[in-house]
Amino acid sequence: MARITASVYTSHVPLIGVAIDQGKTEEPYWRPIFSGYEHSKEWMANNPPDVVFLVYNDHATAFSLELIPTFALGTGEKYTIADEGWGPRPVPDVVGHPELAAHIAQSVIQSDFDLTLVNQMDVDHGLSVPLSLMFGQPKTWPCPVIPLAVNVLQYPVPSGQRCYQLGQAIKKAIESYDEPLNVQIWGTGGMSHQLQGQRAGLINSQFDHDFLERLIVSPDELAAMPHIEYIREAGSEGIELVMWLIARGAMSDATGGPKPTVKHRFYHVPASNTAVGHLILENNE
Amino acid sequence: MKLLPEEFYNIPGTTIFDADQSRKGYWLNQFCMSLVSADNRAEFKTDERKYLDQWPMSDEQKMAVLERDLNRCIALGGNIYFLAKIGATDGRSFQQMAGQMTGMGEQDYRDMMLAGGRSPDGNRFKHEWEDA
């Protein structure tokens with residue numbers, strides 16, 4: 001049977017992608033950020049997944065205001081890299097895993113989560129920057145990716161609680177898949193940042209450190225944190241952090257099992273407008 | 001009646017993109033969305049007014065776009081992720097756009113970010129800005 005072996009959490013700042021694509025990672029501004037991911041790449045080389053289930057948000061790329069799905073699961077064979085206005089990133093297209101995705105859809109929807117299914121969409125920096133941070137610059141991505149796009153753009157957005165429960169349902173779905181696949185689940189976005197209006201530039205490192213700690217130690221309590229707290233304390237775009245709870249809900253302890261093992265923890269301010277946070281948790285069964 | 005609890009509308013310098021804002025800004029944001037195509041970016045740059053006139057936007061919205069007044073665009077229903085595509089068309093980064101929206105200018109804004117960003121202290125509630 002398939003297993004979820006680890007969860008990975010990372011910010012997905014677009015300018016990080018630009019820095020990678022333009023070979024700026026050794027510049028003094030970027031060096032401290034990329035050094036925080038060196039250990040992650042080593043860990044990844046030693047723990048290569050067969051499939052990555054990648055939770056992210058679409059930033060007005062695949063979904064305009066015509067259609068606003070709360071949870072959109074990618075069941076397609078392939079996803080092309082989007083032109084977000086600056087031209088597409090020069091990174092490989094993303095190959096999906098339609099068979100596992102279809103199984104997850106079946107199981108999760110029958111667990112009362114009414115997902116939207118997407119076969120055709122372009123993917124933006126929300127998905128591609130985490131891949132670059134964890135896998136570097138390969139000619140093709142080393143494994144298939146199943147995208148889950150979460151609406152955190154237009155309110156109402158899903159609650160932390162709902163996200164945490166969805167993670168639990170995704171775990172159950174993956175673990176009931178016949179093939180013996182090693183699956184990682186990634187939660188991306190955040191940490192504190194605000195891109196809009198006169199309050200742009202908000203960073204709350206105290207909030208971020210608390211969030212990381214609570215995500216590790218007491219995710220069930222963290223899941224109860226109301227939206228207003230994210231927005232007021234971590235900035236209007238800090239709401240992206242609810243997506244980390246989906247990945248966290250897929251660790252064994254969310255459903256009565258043992259705690260995961262912290263393999264890596266990193267935090268840095270700033271990358272462009274944003275606080276960068278990163279965690280790797282290995283699942284224990 | 002507001003869609004979300006009142007506290008969501010009580011954060012200074014922050015607009016919650018709810019369904020009311022989304023409805024108000026629908027065509028403004030859809031216009032922005034069209035700029036993800038290189039052909040459309042070129043057409044817009046050739047004659048901005050003509051390009052904007054193809055969209056059922058209000059005159060106020062069109063003026064705000066022509067003047068690149070992002071705060072005004074947000075007040076008129078624009079969402080930052082859509083508006084960023086105007087910035088991309090102009091070759092401007094998120095940080096340059098933020099420098100403008102905050103009124104700080106690019107360099108001061110960049111310096112603030114390097115120094116750890118804007119503290120939440122004094123920036124949580126509207127009255128904290130009004131009293132200041």
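In what follows, every chain begins at residue 1, and chains take the letters A, B, ... in the order their sequences are listed. Below, all heavy atoms of this structure are taken into account, side chains as well, without hydrogens, waters or symmetry copies.
Side-chain atoms of B/Phe8 and A/His227, non-hydrogen and from C-beta on, do get closer than 4.5 Å to each other. Taking the side chain as every heavy atom from C-beta outward, A/Leu153 and B/Asn79 approach each other to under 4.5 Å. Considering only heavy atoms from C-beta on, A/Glu237 comes within 4.5 Å of B/Tyr81 through its side chain. Side-chain contact between B/Ile11 and A/Ile228 is present, with heavy atoms from C-beta onward closer than 4.5 Å. The side-chain heavy atoms of B/Thr14 and A/Gln194, taken from C-beta on, include a pair separated by under 4.5 Å. Inter-residue side-chain proximity for B/Pro120 and A/Leu202 is flagged as met; some heavy-atom pair is nearer than 4.5 Å. Side-chain contact check for B/Met33 versus A/Glu66: every heavy-atom pair is 4.5 Å or farther apart.
Sorted by first and then second residue, the ring-ring contact (aromatic ring centres under 6.0 Å, His included) pairs involving residues 16-36 of chain A (not counting sequence neighbours) form an empty list.
Proximity to chain A (any heavy atom under 4.5 Å) is shown, for B/Glu7, by both the backbone and the side chain. A/Gln206 does not touch chain B: none of its heavy atoms, backbone or side chain, sits under 4.5 Å away. With a 4.5 angstrom heavy-atom cutoff, B/Arg23 does not touch chain A via any of its atoms. For B/Arg41, the part sitting under 4.5 Å from any heavy atom of chain A is the side chain, from C-beta outward, and nothing else.
A/Asn273 and B/Tyr109 share a side-chain donor-acceptor pair at under 3.5 Å. Counting only N and O atoms by type, the side chains of A/Gln154 and B/Ser22 include a donor and acceptor under 3.5 Å apart.
By the 4.0 Å N-to-carboxylate-O rule, A/Asp83 lies too far from B/Lys85 to be salt-bridged with it.
By the 30° and 60° cut-offs, the orientation of the rings of B/Phe94 relative to A/Trp86 is tilted.
For A/Arg232 (side chain) and B/Phe125 (main-chain N/O), no donor-acceptor pair under 3.5 Å exists by modelled atom type. With hydrogens and angles ignored, the 3.5 Å screen pairs no side-chain donor or acceptor of A/Gln198 with any backbone N or O of B/Pro12.
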